[in-house]
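A, B, ... follow the sequence lines: proteins, then strands. Residue 1 opens every chain.
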Amino acid sequence: MSLPQPVRGTHDLLPEDFRRHAHVRDTARDIAARFGYAEMATPIFEFTEVFARTMGETSDVVSKEMYSFDSRGGESITLRPEYTAGICRSFISNGLQQNVPFKVFANGPMFRYERPQKGRQRQFHQIDLECIGSPEAKADVEVIAVAASILNSLGVMGSCTLQINTLGDAESRQAYRAALVEYFGAHEEQLSEDSKNRLTRNPLRILDSKDKGDQVLVKDAPVFTDYLNDFSTEFFAEVLEGLDALGISYELNRRLVRGLDYYTHTAFEFVTTALGAQGAVIAGGRYDGLIETLGGKPTPGIGWAGGIERLALLAENIPDVIRPIAIIPVGDAAVQPATKLAYELRNQRISIELAFKGNVGKRMKRANKLNARAAILIGEDELAKNACMLRDLDAGTQEEIQISDLGKALEQLK
RNA sequence: GCGGAUGUAGCUCAGUUGGUUAGAGCGCUAGACUGUGACUCUGGAGGUCGCGGGUUCGAUCCCCGUCAUUCGCCCCA
């Protein structure tokens with residue numbers, strides 16, 4: 001087939017797909033609003049350094065997955081691979097430090113040059129929640145609660161578990177990282193190829209290796225809890241208490257490590273086994289050093305992102321399409337009056353189907369295919385009486401009624 | 001980026017151990033039914049068998065390449 005194809009890893013959202021997509025987005029937006037998170041948006045691209053500096057030069061996303069290009073002005077521009085960095089940049093650009101806590105919801109397309117798989121695309125969409133300026137553990141709890149509430153509402157909580165861990169503050173994390181590098185460095189020859197790379201890029205990841213040889217070494221590796229300072233330990237305990245108090249169940253996963261450099265303290269993922277290797281549906285954590293990295297005043301933050309496509313694959317209870325009422329003119333003389341009636345009813349917020357052509361049989365078939373609730377037939381006979389034939393397509397019954405009574409009659413059809 | 005599988009009509013799939021015009025169901029469309037849908041019946045349209053090259057008298061089938069999808073790894077939403 002030489003038909004034009006979409007670029008690899010991109011997909012069209014046809015109406016049927018879009019309905020699921022929109023349901024996920026709208027559900028998230030509504031729930032976020034209830035928790036006090038207002039919607040905002042930032043540009044789809046940023047200066048490359050916004051992502052490079054915050055996510056870490058050695059992270060996979062920055063080192064091999066960014067869609068970067070030089071603008072005509074010679075600046076390096078990157079299509080956003082995630083939302084957090086852009087929102088934090090916006091927080092700084094707009095001088096919003098007096099608006100804390102800055103609680104926002106956002107959604108939109110993201111771009112990562114990865115090998116496509118089910119639930120993994122090069123252009124995909126995320127919902128995103130950020131709470132900037134709150135150092136309190138209560139913020140962590142709230143942010144996670146929003147996510148839990150959304151997953152519940154989408155009907156996917158049953159197939160998800162919340163995994164949670166702490167990465168500690170910068171001091172704790174650096175101490176632990178150094179200890180791991182020392183330990184694994186001494187056994188470098190026994191490490192898998194992947195883990196040799198991890199040693200310099202993100203040694204914490206070695207703990208999560210699926211390689212059997214690595215796992216043997218991991219058994220005797222330094223334990224994170226030994227390196228957490230008191231503050232970090234207490235902070236995490238407070239987060240867990242908060243979740244307990246809300247009845248949000250979680251699984252402590254000491255090997256949960258996020259791939260981006262900016263995370264501190266709380267890290268969490270809502271994971272499912274229903275999507276193969278792509279288990280994370282909503283994931284995030286605290287990023288207390290990020291805004292400073294971008295050149296802002298030290299400001300704590302916590303947030304998460306969720307993959308809309310992944311959630312759409314799992315979501316239940318997608319609302320049905322609105323059932324229209326079909327208006328069917330009978331005979332040429334009825335076409336204009338029918339069109340006018342359709343216009344008036346549509347202006348009264350009623351969903352009307354009016355075909356451009358076809359005899360009564362064709363139009364009835366079309367009405368049926370569109371799952372119309374009822375059909376309004378208007379011919380010369382009815383026109384003369386200011387009436388119409390209202391046919392209940394579910395019951396298969398019909399009756400002649402005055403056009404002036406149509407509004408009421410349609411109300412009752414619901 | 002690495003390894004495996006797959007690619008025939010709009011959709012789901014048959015098929016040919018290489019041989020004249022490549023099939024089914026669903027869908028679409030026309031009619032039976034020129035003021036009445038869902039059921040039924042009868043026609044019709046739609047495919048250079050993913051794309052390119054090779055082997056062969058001959059390829060949708062065999063070989064190579066390529067593109068896309070998919071599963072796993074890496075990583076992530």
Side-chain angles (χ1 to χ4, degrees), chain A residues 1-3 5-11 14 16 24 28 55 58-65 81-84 107-129 147 192-195 197-198 201-202 205 208-211 257-260 269-272 275-284 304-314 326 328-334 353 355 358-382 388-398 400:
Chain A
M1 245 179 282
S2 52
L3 298 175
Q5 296 297 317
V7 174
R8 179 173 208 200
T10 66
H11 292 282
L14 297 177
E16 192 64 15
V24 171
M55 301 172 82
T58 60
S59 68
D60 273 49
V61 172
V62 171
S63 62
K64 60 182 190 187
E65 296 175 0
E82 60 123 34
Y83 228 134
T84 304
N107 75 277
M110 303 294 153
F111 306 85
R112 289 183 198 173
Y113 191 89
E114 293 185 274
R115 182 114 172 205
Q117 271 184 50
K118 184 177 188 177
R120 170 186 293 179
Q121 305 167 191
R122 289 182 173 179
Q123 177 180 340
F124 60 103
H125 298 79
Q126 284 187 339
I127 49 176
D128 186 278
L129 194 87
S192 65
E193 281 308 306
D194 281 335
S195 287
N197 287 328
R198 291 174 176 127
R201 299 167 69 116
N202 193 345
R205 279 248 170 246
D208 203 17
S209 174
K210 285 168 189 164
D211 183 87
V257 176
R258 308 282 303 149
L260 309 179
E269 292 182 1
F270 286 87
V271 297
T272 176
L275 291 177
Q278 283 65 244
V281 291
I282 288 183
W304 51 250
I308 296 181
E309 282 82 358
R310 290 183 185 178
L311 289 166
L313 285 169
L314 302 173
I328 300 180
V330 180
D332 289 345
E353 155 65 15
N359 59 29
V360 176
K362 291 259 186 296
R363 290 169 186 265
M364 285 294 290
K365 277 185 186 165
R366 182 173 167 79
N368 193 57
K369 196 167 68 182
L370 293 173
N371 195 27
R373 178 65 185 85
I376 296 169
L377 291 109
I378 310 178
E380 286 181 49
D381 300 350
E382 289 84 3
C388 65
M389 195 64 84
L390 179 60
R391 182 171 179 84
D392 183 324
L393 292 175
D394 287 354
T397 58
Q398 63 184 25
E400 187 175 293

K.L.:
Just to be sure I understand the rule, does A367(A) reach a base, reach only the sugar-phosphate, or reach nothing, if contact means heavy atoms closer than 4.0 Å?
P.N.:
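No contact.
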K.L.:
To the side chain of P116(A), which of C74(B), U69(B), A38(B) is closest?
P.N.:
U69(B)
K.L.:
Using the P atom as the point on both nucleotides, what is the distance between A5(B) and G10(B), in whole Å?
P.N.:
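Going atom to atom, P in each nucleotide, I get 28 Å.
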K.L.:
Looking across every strand, which nucleic acid part, if any, lies under 4.0 Å from R112(A) by heavy atom: base, sugar-phosphate, or nothing?
P.N.:
base
K.L.:
Just jot down the side-chain hydrogen bond (donor to acceptor under 3.5 Å, both in side chains) partners of E114(A), sequence neighbours excluded, or say none.
P.N.:
none
K.L.:
Under 3.5 Å, side chain of R391(A) to main-chain N/O of A375(A), donor-acceptor pair present?
P.N.:
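Answer holds: no.
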K.L.:
Of all the choices, A38(B), C74(B), U70(B), which nucleotide is nearest to the side chain of R391(A) once you look at every atom?
P.N.:
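So the side chain of R391(A) is nearest to A38(B).
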K.L.:
Going by modelled atom types, is there a donor-acceptor pair between the base of U69(B) and the side chain of Q117(A) at under 3.5 Å?
P.N.:
no
K.L.:
Under 3.5 Å for both donor-acceptor distances, Watson-Crick or wobble: does C26(B) have a partner, and if so which one?
P.N.:
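Pairing partner, where one exists within any strand: G10(B).
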K.L.:
Under 4.0 Å between any heavy atoms, over every strand shown, what does E82(A) touch: base, sugar-phosphate, or nothing? Just pick one.
P.N.:
nothing
K.L.:
If only side-chain N and O atoms of K64(A) are considered, is one of them under 4.0 Å from the OP1 or OP2 phosphate oxygen of C75(B)?
P.N.:
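Checking K64(A) against C75(B): no side-chain N or O falls below 4.0 Å of OP1 or OP2.
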K.L.:
Nearest of A68(B), G37(B), A77(B) to any side-chain atom of R8(A)?
P.N.:
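Output: A68(B).
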K.L.:
Please enumerate all protein N or O atoms sitting under 3.5 Å from an N or O of nucleotides 28-35 of chain B, with distances to 0.1 Å.
P.N.:
unit_1 : atom_1 : unit_2  : atom_2 : d
G31(B) : OP2    : K362(A) : NZ     : 3.0
G35(B) : O6     : D381(A) : OD1    : 3.4
G35(B) : O6     : D381(A) : OD2    : 2.6
G35(B) : N1     : E382(A) : OE1    : 3.1
G35(B) : N1     : E382(A) : OE2    : 3.0
G35(B) : N2     : E382(A) : OE2    : 2.8

K.L.:
Given atom CD of Q5(A) and atom P of A68(B), what is their separation to the nearest angstrom?
P.N.:
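In whole Å, A68(B) P and Q5(A) CD are 9 Å from each other.
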K.L.:
Excluding sequence neighbours, so at least two apart, what forms side-chain hydrogen bond (donor to acceptor under 3.5 Å, both in side chains) with E309(A)?
P.N.:
H125(A)
K.L.:
Go through U36(B), A77(B), C75(B) for me and flag the one nearest to the R310(A) side chain.
P.N.:
A77(B)
K.L.:
Of all residues at least two apart in sequence or in a different chain, which pass the side-chain hydrogen bond (donor to acceptor under 3.5 Å, both in side chains) check with N371(A)?
P.N.:
R323(A)
K.L.:
Search all heavy atoms of M55(A) against all heavy atoms of P81(A) and return the closest pair with its distance.
P.N.:
SD-CG, 4.1 Å
K.L.:
Tell me which nucleotide, if any, is Watson-Crick or G-U wobble paired with C57(B) when both distances must be under 3.5 Å.
P.N.:
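G19(B) - that is the nucleotide pairing with C57(B), both distances being under 3.5 Å.
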K.L.:
Identify the two heavy atoms, one from G306(A) and one from I282(A), that lie closest to each other, and give their separation to 0.1 Å.
P.N.:
CA-CG1, 3.8 Å
K.L.:
How many angstroms lie between atom CD of E65(A) and atom CD of E82(A), to the nearest 0.5 angstrom?
P.N.:
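It comes to 12.0 Å.
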K.L.:
Please determine, for the side chain of A305(A), which listed nucleotide (A77(B), C2(B), C75(B)) has the closest atom?
P.N.:
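Within the option list, the nearest is A77(B).
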K.L.:
Is there a side-chain polar atom (N or O) of R198(A) under 4.0 Å from OP1 or OP2 of C75(B)?
P.N.:
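Yes, because at least one side-chain N or O of R198(A) sits under 4.0 Å from OP1 or OP2 of C75(B).
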K.L.:
Got a sec, which residues hit side-chain hydrogen bond (donor to acceptor under 3.5 Å, both in side chains) with E380(A), two or more places apart in sequence or on another chain?
P.N.:
none
K.L.:
Could you please name the partner base of C39(B), counting Watson-Crick and G-U wobble pairs only when both distances are under 3.5 Å?
P.N.:
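For C39(B), the partner nucleotide comes out as none, under the 3.5 Å rule.
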K.L.:
Counting only side-chain heavy atoms from C-beta out, which of G37(B), U36(B), G1(B) sits nearest to Y113(A)?
P.N.:
G1(B)
K.L.:
Can you list everything that forms a salt bridge (Lys or Arg N to Asp or Glu O under 4.0 Å) with R115(A)? Sequence neighbours excluded, please.
P.N.:
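Residues passing salt bridge (Lys or Arg N to Asp or Glu O under 4.0 Å) with R115(A): none at all.
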K.L.:
Return whichever of H11(A) or R120(A) has its heavy-atom-nearest nucleotide of RNA chain B closer to the 5' end.
P.N.:
H11(A)
K.L.:
Find which nucleotide of RNA chain B each of G279(A) and A372(A) is nearest to by heavy atoms, and output the residue with the more 5' nucleotide.
P.N.:
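Nearest-nucleotide comparison on RNA chain B picks A372(A).
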K.L.:
Classify G119(A) by what it touches in the nucleic acid, base, sugar-phosphate, or nothing, heavy-atom distance under 4.0 Å.
P.N.:
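Base, at least one base heavy atom under 4.0 Å.
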K.L.:
With both distances under 3.5 angstrom, what nucleotide forms a Watson-Crick or G-U wobble pair with A45(B)?
P.N.:
none
K.L.:
Considering every strand shown, what is the Watson-Crick or G-U wobble mate of U69(B) when both distances are under 3.5 Å?
P.N.:
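U69(B) is paired, partner A5(B).
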K.L.:
Counting only side-chain heavy atoms from C-beta out, which of A68(B), U70(B), A77(B) sits nearest to K118(A)?
P.N.:
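From the listed options, U70(B) comes nearest.
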K.L.:
If I take atom CE in residue M364(A) and atom P in nucleotide U36(B), what distance separates them, rounded to the nearest angstrom?
P.N.:
9 Å
K.L.:
When we call it a touch if two heavy atoms are under 4.0 Å apart, what does E269(A) touch: a base, just sugar-phosphate, or nothing?
P.N.:
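The residue E269(A) makes no contact with any strand.
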K.L.:
From the options A77(B), U36(B), C73(B), select the nucleotide whose nearest atom is closest to the side chain of D194(A).
P.N.:
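The answer is C73(B).
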